[in-house]
Number of protein chains: 2
Amino acid sequence: MLDRDRCLVRNFKYYCALDETEAELLAALEKTPQNVSNAQMLWEENHPADTLCVLSEGWAYSYRSMDDGTRQILNIFLPGDLVGLGDLSPRRHLTSVAMLTEGVICRFPLTNLTDIFTTSPKLTTVLFSLAGQQQAIMAERLVNMGRRTAREKVAHFICEMHLRLSKTCPNITHRFNLPLSQQVLADVLGLSAVHVSRTFSELREEGLLYRERNRINIPDLKAFYEVANFSDAYLSDSVDELLKMSEKGNNGVGLR
Amino acid sequence: MLDRDRCLVRNFKYYCALDETEAELLAALEKTPQNVSNAQMLWEENHPADTLCVLSEGWAYSYRSMDDGTRQILNIFLPGDLVGLGDLSPRRHLTSVAMLTEGVICRFPLTNLTDIFTTSPKLTTVLFSLAGQQQAIMAERLVNMGRRTAREKVAHFICEMHLRLSKTCPNITHRFNLPLSQQVLADVLGLSAVHVSRTFSELREEGLLYRERNRINIPDLKAFYEVANFSDAYLSDSVDELLKMSEKGNNGVGLR
DNA sequence: CGAAGGATTGATGAGCTTCAAGGATAGTGG
DNA sequence: CCACTATCCTTGAAGCTCATCAATCCTTCG
């Protein structure tokens, strides 16, 4: 298996050493790489939820369709993300998921996840932390939607993307690729596409942000963070903290 | 220990049979009941996150404060809820949590959680599902904020509360208590308190919803669901599905 | 080259916020 | 028991942010 097909293992190794069993459990999640085209659906709302998937390459997004034809995008997924964790509990998917670019995904059955629970507390802890991170991202987006102007919304979201990208791909600079149309951005931020366009114009005229096609350019990142009221706390991963606790062992209740 | 102090055990028993060890693990989370007054803070943004808590009695809410003095409420917690699960991964709390009524809480250290991971896959699965449910609630609220009118927002939120209440307290009717001021509702929904008031007036004039002090009255629940565009799918708990998988045992990788 | 999707810009108006003032209700201390 | 205060709610008036509709342009791609 090529290394690029095992980004999940790579991701997890970033958090903790893996023994052979653990590496095997993770690798099992990426056994079935599959090419997907741009705009391809990974699954649809209300369909049975028996598999999740690892997004090995490419970008994806989850959304809910509204009766009036509009939609709300809930999450943007980057390479290495585990897609569907939040969708996990109900027997049917609550959201649709589609690709934003072409890419590679690896589907795996839910049972692989419960296998991890029964086999590796360490991986379970990491998984819990990852789910927590996704929830933190959603919480921040709630704040964004509820209490910020269009200008701040756009800026804040761009900051979020930039920071998330720079975690998995540390050589990112103030210029980077963001394969989202203005309509997609509008559906993320609860705005109209027209107003997103106007907001970009405004930011461009002030020299804060340039965007041509999917290329983003932020001349002064610090200034831009201020426009966005962006604080990176919610994206700081501290999986290690929780892991340390878990490794200290349990406190004497119910020995294994 | 009184039964009312062990609502978590009760909640979990609703999902699955507990053996002695498991009951003990859960009971450990509720060993330190503590009375709290209305409006009391349970913790504050940026403070160290070394404990979570079970909300045994009363209502609470989590929120983020903005620089301009406004705030966004992220979550409303009801009796029996586990508070802080979403806040879990970072070493500092990302949100503040305060009481909406007086009540009883039980704080417990994070290590209790990792103990559960290492000791009981079954409880781990339930915990994962609970976290997923909280995330589903936030996702739905995102949709609410992004793509619905004030009228729908208010109605939808009331529906959510009504349904969540009726899960833990099945004898609830079309009249129930909702201890949230209009300012709190506004901070949940990303509206101004003034507009929440106007929206209530509107709904009242149409005979759809009556509210006096904290008492809610919905004469025709079905009609009200339609105003709200409310679908209860996202609140349907199907912990059992995941549990069944987990109990079928693992697929031969890394025996325990 | 024509078609289709994406972006921009202008005009108009709805929906919501803000400010301000007044009324209702509950709790507090004299 | 009654002012006194604090909190919550209501209502009006004014204005701003953003949505909607529509026309145009630009780019890409078959």
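Naming convention: chains lettered A, B, ... in sequence-line order (proteins, then strands); numbering from 1 in each chain. Excluded from the calculations below are hydrogen atoms, water molecules and symmetry mates; all remaining heavy atoms, backbone and side chain alike, are included.
To the nearest angstrom, C1' of C:dT25 lies 13 Å from CZ of B:R211. When rounded to the nearest whole Å, the span between CG of B:L180 and C1' of D:dC9 equals 15 Å. The distance from atom CD of B:Q183 to atom P of D:dT10 is 13 Å, rounded to the nearest whole Å. Rounded to an integer number of Å, the gap from CG of A:L185 to C1' of D:dC18 is 16 Å. Between the P atom of C:dA26 and the CG atom of B:N38 lies a distance of 16 Å, rounded to the nearest Å. For the pair A:E212 CD and C:dG6 P, the interatomic distance rounds to 18 Å; values are reported in whole Å. Taking atom CG on B:N214 and atom C1' on C:dA26, their separation rounds to 12 Å, with Å as the unit. Spacing between atom CE of A:M145 and atom C1' of D:dC18 amounts to 14 Å, rounded to whole angstrom units.
Taking for each of B:R213 and A:S181 the nucleotide of DNA chain C with the nearest heavy atom, the 5'-most of the two is the partner of A:S181.
Ring orientation note: the planes of A:F176 and A:H162 are tilted relative to one another, at an angle of 30° to 60°.
With A:E140 as reference, A:R148 is the one residue of A:K153, A:R147, A:R148 to meet the salt bridge (charged side-chain N to carboxylate O under 4.0 Å, His left out) rule. Paired with B:D81 under the rule side-chain hydrogen bond (donor to acceptor under 3.5 Å, both in side chains), one option of B:Q134, B:R164, B:Q133 passes, and it is B:R164.
Remark: B:R151 is not in phosphate contact with C:dC16, judged by side-chain N or O atoms under 4.0 Å from OP1 or OP2. For B:Q182, a side-chain nitrogen or oxygen approaches OP1 or OP2 of D:dT10 to under 4.0 Å.
A 6.0 Å sphere centred on CD of B:E102 holds no more than 12 heavy atoms belonging to other residues, nucleotides or ligands.
Side-chain atoms of A:T95 and A:D87 include a donor-acceptor pair closer than 3.5 Å.
Within residues 187-209 of chain A, the residues approaching DNA chain C are A:V194, A:S197, A:R198, A:S201, A:R204, by heavy-atom distance under 4.0 Å.
A salt bridge between B:R151 and B:E206 is present, with a side-chain N of the basic residue lying under 4.0 Å from a carboxylate O of the acidic one. A salt bridge links A:E160 to A:R141: one of the charged nitrogens lies within less than 4.0 Å of a carboxylate oxygen.
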